[in-house]
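Reading through the structure tokens given below for one structure.
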Amino acid sequence: MPSLSFTVLPGGVGHLHDILTCLVKFDENISLEASSSSLRISCLNSSKSAHVCFTLHALSFFAKYKFQADRTFNTPSVDETWGCTLQNRALLSIFKKRNLDTKEKETALERCEFELQARADETKCRLVIRMICRHGVVKTYKLIYEPTNVLRASFDSANSPNHWTTSARTLRDIVEYFGVATDQLDWTFEKGKVNFTSYTERITDGRDIFKLPMHTSVAIERKDFNSFSVQEGLHVGIVVRDFRAIVSHADALGASLTAKYSRGNRPMQIAYEVDGILCEFTLMTRGPPANVSSAAVAIRPSTPARDLSVRPVQRPQAQNTDQRLIGRDPTPALSATIMPPPVANISVADTVGPPQLNQSMPANTKAQQTFPTGVPGAPSAILDQHSLFFPAGEDEHFWDEHDNDTAEQEDFITWDASGRGSLPSGAARRIRDSETATSLQGSGRRRREAPNAPGIAPTQRLSQLKGLFD
Amino acid sequence: MRFKSQMRNVSTFAKFCASLSSLGPIAWCRLTDEDMRFTVLPEKGSQVWSVLKIETVFETYSLQSAAPHNTINLEVPIQSLQRALRSASGATSASIRLTKKNNVPMLSVTIVTTTFSNGDSVVGAGATGTDDEFGDFDFHADTDDVGFGGGLGGLPRERETIITQDVPVKVLAMQTVEGLHEPSTPEPDVHIYLPGLAQVKSISERFTRLATATKTGTTTGAGPRLELSANMHGSFKIALQTDALSISSVWTGLVNPELEPTNYPGGSQELRDHPSTRMRILGGEHGENEEGWARVRIDAKDWNRVLSVGRLGVRVIACFMNETGLVLYVYHQGEEDNGEETCLTYFINSFST
């Protein structure tokens, strides 16, 4: 059985509180992953569009840190880990702000001890957290956990040429201007100015127009950035709520954060490191907002490049393509675009068949209401010239609606279980920046595996289920 | 249809919008060459009709419309506009214009702010927490001289941020607004300058809380009501009566403004027959008689919303129509005293007993 114990001093406990409050803005569960060099606290949001990972370094963050991996079913590997999932709410109630106030309190916290109880001779497996306070007051919490293999996001920074670094303070000042209810954030660099635009993509008419929040754009100068290297005119969009969560956490740490990305519709990573905490946010981005993208081509034929790329899971393109196109193009041309990739590149997800058209119809009708074809400026199947692999437009709607359209979410799974056997850490599953994974290290290995690993689909697509609307 | 303007006193404009937004989410805004009128007509509760003088908040003002009298009528989500304007507090320059984006008409507020950051060490500046990055704006604007932002090594460096806030609006056709008129009210029985609204508001709110706290379980859904009354002898009273308690606060020594005879077709003769003259006599020599008081009963929460106009720094004349209603004329004390003042008129109905 693995053994894990560590001690955190009050300052670190404060950091833990900040980390947990940041994580809770993404998902209600968190994962812990211990290795001999660090402890990772991470989560993946329910729409699987954002992965947040805090790496606490064993030496610099903890007062004491001890980890011994499970020796019983051991694979000869250096990088052994132990992972579990638990509810963030449980931890948050332990690391409450007021419990952490060290000043002028009789029972101020002196240290926090953490221990994993998972010995073979014990009947109960628990995470035990002891808050050791002054005058011998000890608060003990025992938490239930679920052992899991923790997901990791793999982000290929080598292939992300665009990057900038700035202080969280600068970004916080920008975020403060944003309207309360906006959901999308787009940024671009044009004419020496960096534009942050927060908007909501909802076409409404009549009185509903007032439900549209403000459209805010903030232009700051390049010199507000410590370092800046971004392709001019490139639009990248993320969710405002995520950005707010990141900025407020980074600001509390007084950090200076670095963003790296390649282009819209590809992952972006925002990272900073303070006091032995490495914070990495891997976010899916979207392309330009509808009103920015240029003239539309309704359908793009199946791009060879796209089929070649191993997409561990066909991203929501199928659904989205349907939504975009069905109104104006009744021909089944889109089935061409949603064909599974060639056999040579088979990965688990490929066994997932293409979603069936009729099953996405309910979503479709909805989409048509939201985007009446007659309205100019509605994001009508717009292609982005920068986008090499799939039409930029097809993702846009997806990222918009992920709050209320769970059917779509379920079809979007980015982790790749096919790499399971081959990954060094035995079972660390990764969210993969799939394009780069293929082009770099991934492709060779995968091809080898392909014949003997038909694999199991990570999740059944909802569209394959017979649902209410069939 | 065009509207474009450079703003000044943005914070006044923002406060003005904030006062309006407490009454209802949407305001009807009428732009003409002379003024900007905002009207909030909530489904229930008090309504406000206001006139904003161009020079109070606008430096330059250009308006073009095909409608008669060069008028633009808009429906504006007033809270969004207020938020947009609030982000302009302390800005170097702020302008507002009517635009169209994706076929949605927008009031677009463009704000330019200038701050200083320390050379290369943006991080340092951020980390050490210059709390007043925004509070300092006025100072920056004043010292915004040539050479200051320039290359003096080690000195703070100027940086410019441009913020655009687009507030979606709806353009109203002339015929939509034709039927809307200010309510006509009878001549007031009592008119009086109210004491400072901060006082009135804090007392009203305390009374409201007391009313809610002492409320017996059986009362119907209606919220607590306050009784406001005034006489022509400089007294104004807020009173609350519930099953459990009866309290009142009285201000004395207030001023009852003189009516201007020229405003009345009958001149001073008509003034002698004016209800307020009668009320003054009824009140007795020193206002000791109960008959001299005009009363209204109003919804306490609604009244507290009306009082939020106090943030503008205002003079308020209250006109009491006994048992009928209350009209508040709220004058904004602008910097220039040119007689033409920004005025908000609140119409508040009285409940019957």
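Order of the sequence lines sets the chain letters (A, B, ...), proteins ahead of strands, with each chain counted from 1.
A distance of 12.0 Å separates CZ of R86(B) from OH of Y177(A), quoted to the nearest 0.5 Å. Atoms CD1 and CZ, on I163(B) and F196(A) in that order, are 12.5 Å from each other to the nearest 0.5 Å. We find the OG1-CG distance between T164(B) and N195(A) to be 7.5 Å, quoted to the nearest 0.5 Å.
The number of heavy atoms from other shown groups lying within 6.0 Å of NZ (K193(A)) is above 12. Counting non-hydrogen atoms of neighbouring residues, nucleotides and ligands closer than 6.0 angstrom, the NZ atom of K4(B) reaches no more than 12 such neighbours.
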